[in-house]
Amino acid sequence: MLTAFRAFSRSKWAAALLVLIAISFVIVGARMDVFSNLGPKHVIDAGDRSMNEVEFRTAFDQVRERLQQQVGRPLTNQELVAENIHVRFLTEQTQQLGFLNWAYKAGIRPGKELIVKQIRQIPAFFNSVTGQFDQQAYEAALAQQNLTPAMLEQDLRDQYATEHFGAAVFAGARVPRIYGALLAGSAFESRDGRWFEVTPAMAGQIPAPTDAQLNAFIQENADRLRAPEFRMVSVVLFTPEASANAPISEDRIRERFEFKRDTLSKPETRSFVTLTAPNRETAQKIAAALRAGQSPADVGRANNITPAAFNETPRSAIGDAATAAAVFGLQANQVSNPVQAGVGFAVAKVTAVQPAAPATLDSAREELIQELRAEDVKTQTYAKVEKYEAARTAGKNLADAAREAGGRIVDLPPFTKDGKLPNGQALNAPPQIFETAWSLTKGGESDVIDAGQGQYFAVRVNDIRPSALPTLAEVREPLAAQWIQRETMRRLSAKAEELTTRVRNGEDIAAVARSVNAPLTVRTGVIRNQQTQEALGQGVLQGLFGQSKGQAFSQPASQTAYVVGRVDNVRAANPAVAGPLAEQVRPRLTQELVQAMVESSVSAGAQRSKAKNDPAQALSALGLSGGATPAAPAQ
């Protein structure tokens, strides 16, 4: 077969076939899927900038952590996706990357010296002994945050570009005075008006609803009334026996003490000051000055060096071996000779010596007992887990295996997918229980799940109460009250509109009020502020300031009343009062204008970069599945 294939590849038919394939590529104008799958999968593409799945997942995890801190409970990616938070985050990141791509090409590029200066202002990147920037400390600190120097430097460049662009926009923006004048004029404008309330008594008695009306009301409000799905589960808890709190033998305590003696003992520590000079000659001058009685601060100022003070520091905490040897070779108030450290020459002065404090069995006894007891608890718990798993492997069901292993079975009350009880309160249980319960069908039994910190459990789904609308019998009384309230407001709205139409048609509002036995309220000089709103109500205020002079209005006044009124007069603001306010609000208006301008610029930059994202790829990055969704361009 291989020989025949080689012979065919050298024939004129193979050449013709290659030509046909090439022509098909020209006609179709697309890559074969087999080749497209070889390239990197980008969640976001914005010109020269992009974000792959790993980067998107890392960034989204940070968003989830911040939200968890706000709500005070663990959140899953499924919950955030259900609220479309991933879509908003994806859109924001697409806009940002698109803008940064445009900004770089437009020449907004911070200099390297700015980035270096910013990095060298971060204390975590400096050597605690020499007080100088330490490349190893820099890389180690970043590694703890899952960052690299290149990632940090890129983030700083992006921050500088964004901040400088915003500062440039703000520096050249200032709203015209007329903007503040309009706002101040509206704030100090006053109005005269008359109004009266339309009450339920004017609308007539609402008869009790029929069953058909209530059932129709249930269907109209199905989304609000539908109860979520609930699950009822049994949980097997593996807890230690009472013997776990039994006394710990003296032999075990002594054995553990001997094993941990060094770590329990307090090592010798020194309090000292170091001054690091660039050369040996300067270091010798520093040592001589310290021995002459000058203070480290004075010596440091004289040589333009900042002393580094260390308080009760063990030898193991001193990063430079030569400096550590020098410090621990001195007595109190002695000064070392210049020591060639990792960077420069160090001179140390010891100010105090704290001798080592060897641990004793009596001083460490309680700590060792608690440690051994905790180990016994974990050992007994895991022994039960192993016994339970062996019983399950032998074919026993969850209940029988739990009894054989000594596990405790607890029946939990019904709860929703997000761990809420029927009364809306949160069920106090590990989130793994909720996740496991929703991964099983009715009657399903899980494997043992490790909840961390030595806690293990298994779950059995006993029953599933599907999401459903309540029956009329379950909600008749409160539903009837809501139906009557709705019908009352409908009648009130119609009655208020009828009375308002009479006022609009020229009938005096006082006569209209008398026709329904409603008291008429008359007010002059009404201004729009918090005190007026509290005194008159939002409905009256909206009506008075929502119409022109001579016009009538109708507004809801409360859940059981409407207000019908007329604007009798409109008085412009006093310039002497409104003028100062107009100038005071200009900076705030300018800030809002600049924010809108920057947002528009970011959107425009993203469009120029043809930034786009792939929602399906974003879901894949979060470990979730989604239908094929076309790439969405930046808006």
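Positions are given from 1 along the sequence. Bear in mind the structure is a predicted one, so any value in this text is a computation, not a measurement.
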Q | H164 and Y160 aromatic ring geometry - parallel, tilted or perpendicular at 30°/60° bounds | A | perpendicular
Q | Under 3.5 Å: donor-acceptor pair, side chain of T501, backbone of E497 | A | yes
Q.
Hydrogens and angles aside, do D411 and S234 bring a side-chain donor and acceptor to less than 3.5 Å of each other?
A. yes
Q | Inter-residue atom distance Q531.CD - L536.CG, 0.5 Å rounding | A | 11.5 Å
Q. Of the non-hydrogen atoms in G407 and V236, which two are nearest, and what is the gap between them?
A. CA-CG1, 4.3 Å
Q: May I ask you to check if R566 and W195 form a cation-pi contact, with NZ or CZ under 6.0 angstrom from the six-membered ring centre and within 45° of the axis?
A: no
Q. Do you know the tightest heavy-atom contact between W438 and T416?
A. CH2-C, 3.2 Å
Q) Between atom CZ of F56 and atom CG of D614, what is the distance when rounded to the nearest 0.5 Å? A) 10.5 Å
Q: Can you measure from CG (N77) to CG (L622) and round to the nearest 0.5 angstrom?
A: 5.0 Å
Q | Donor-acceptor pair between N529 and T532 side chains, under 3.5 angstrom | A | yes
**Q.** Side-chain (N101) to main-chain (D48) donor-acceptor, under 3.5 angstrom
**A.** yes
Q: Tell me, yes or no, whether the heavy-atom count around E507 atom CD, taken from other residues, nucleotides or ligands under 6.0 Å, exceeds 12.
A: yes
Q: Any chance you could measure T76, atom OG1, to Q68, atom CD, to the nearest 0.5 Å?
A: 9.0 Å
Q. For atom CZ of R408, is the number of surrounding heavy atoms from other residues, nucleotides or ligands below 6.0 Å larger than 12?
A. no
**Q.** Ion pair K610/D45, N-O distance below 4.0 Å
**A.** no
Q | E534, CD: over 12 other non-hydrogen atoms inside 6.0 angstrom | A | yes
Q. For N84, does the CG atom have more than 12 heavy-atom neighbours from other residues, nucleotides or ligands under 6.0 Å away?
A. yes
Q. So, R502 versus S515: side-chain donor-acceptor pair below 3.5 Å or not?
A. yes
Q | Contact summary for Y104 and R109, nearest pair of heavy atoms | A | O-NE, 2.7 Å
Q: Test R571 against K549 for side-chain contact (heavy atoms from CB on, under 4.5 Å), laying out the working first.
A: CA-CA 10 Å; R571 293 187 177 88; K549 178 181 177 180; over 6 Å; no
Q | From CG (L75) to CD (E83), nearest 0.5 Å | A | 10.0 Å
Q. Does L544 offer a backbone N or O that forms a donor-acceptor pair with the side chain of Q547 under 3.5 Å?
A. no
Q) Taking atom types as modelled and ignoring hydrogens, do the side chains of R157 and Q154 form a donor-acceptor contact shorter than 3.5 angstrom? A) yes
Q. Out of curiosity, T441 OG1 to R231 CZ, how far, rounded to the nearest 0.5 Å?
A. 8.0 Å
**Q.** Pair K442 + D463: basic N to acidic O under 4.0 Å
**A.** yes
(Q) Do the side chains of R491 and E498 get close enough for a salt bridge, i.e. N-O under 4.0 angstrom? (A) no
**Q.** Taking every non-hydrogen atom, the tightest pair across P470 and V475
**A.** CB-CG1, 3.8 Å
**Q.** Side chains of T524 and D192, donor plus acceptor under 3.5 Å
**A.** no
Q | Residues R57 and E55 bridged, charged N to O under 4.0 Å | A | no
Q | D155 side chain to Q159 side chain, donor-acceptor N/O pair below 3.5 angstrom | A | no
Q. Hey, what's the ring geometry for F99 with F165, parallel, tilted or perpendicular (30° and 60° as the breaks)?
A. perpendicular
Q | Electrostatic pair E189-R191, nearest N-O below 4.0 angstrom | A | yes
Q. For the ring pair F238 and F457, is the centre-to-centre distance below 6.0 Å?
A. no
(Q) For the backbone of L90 and the side chain of T94, can you confirm whether one donor and one acceptor N or O come within less than 3.5 Å of each other? (A) yes
Q: Specify the closest pair of heavy atoms between A399 and I409, including all atoms of both residues, with the distance to one decimal.
A: CA-CD1, 3.8 Å
Q: Would you check if the distance from the ring center of F415 to the ring center of F434 is below 6.0 Å?
A: yes
(Q) With a 6.0 Å cut-off (strictly less than), is the heavy-atom count around CZ of F230, excluding the residue itself, greater than 12? (A) yes
**Q.** Least distance between heavy atoms, V503 atom then A552 atom
**A.** CG1-CB, 3.7 Å
Q: May I ask you to decide whether D158 forms a salt bridge with R49, counting only side-chain N to carboxylate O separations under 4.0 Å?
A: yes
Q.
Looking at R194 and D508, is there a salt bridge between them, counting it only when a charged N and a carboxylate O are closer than 4.0 Å?
A. yes
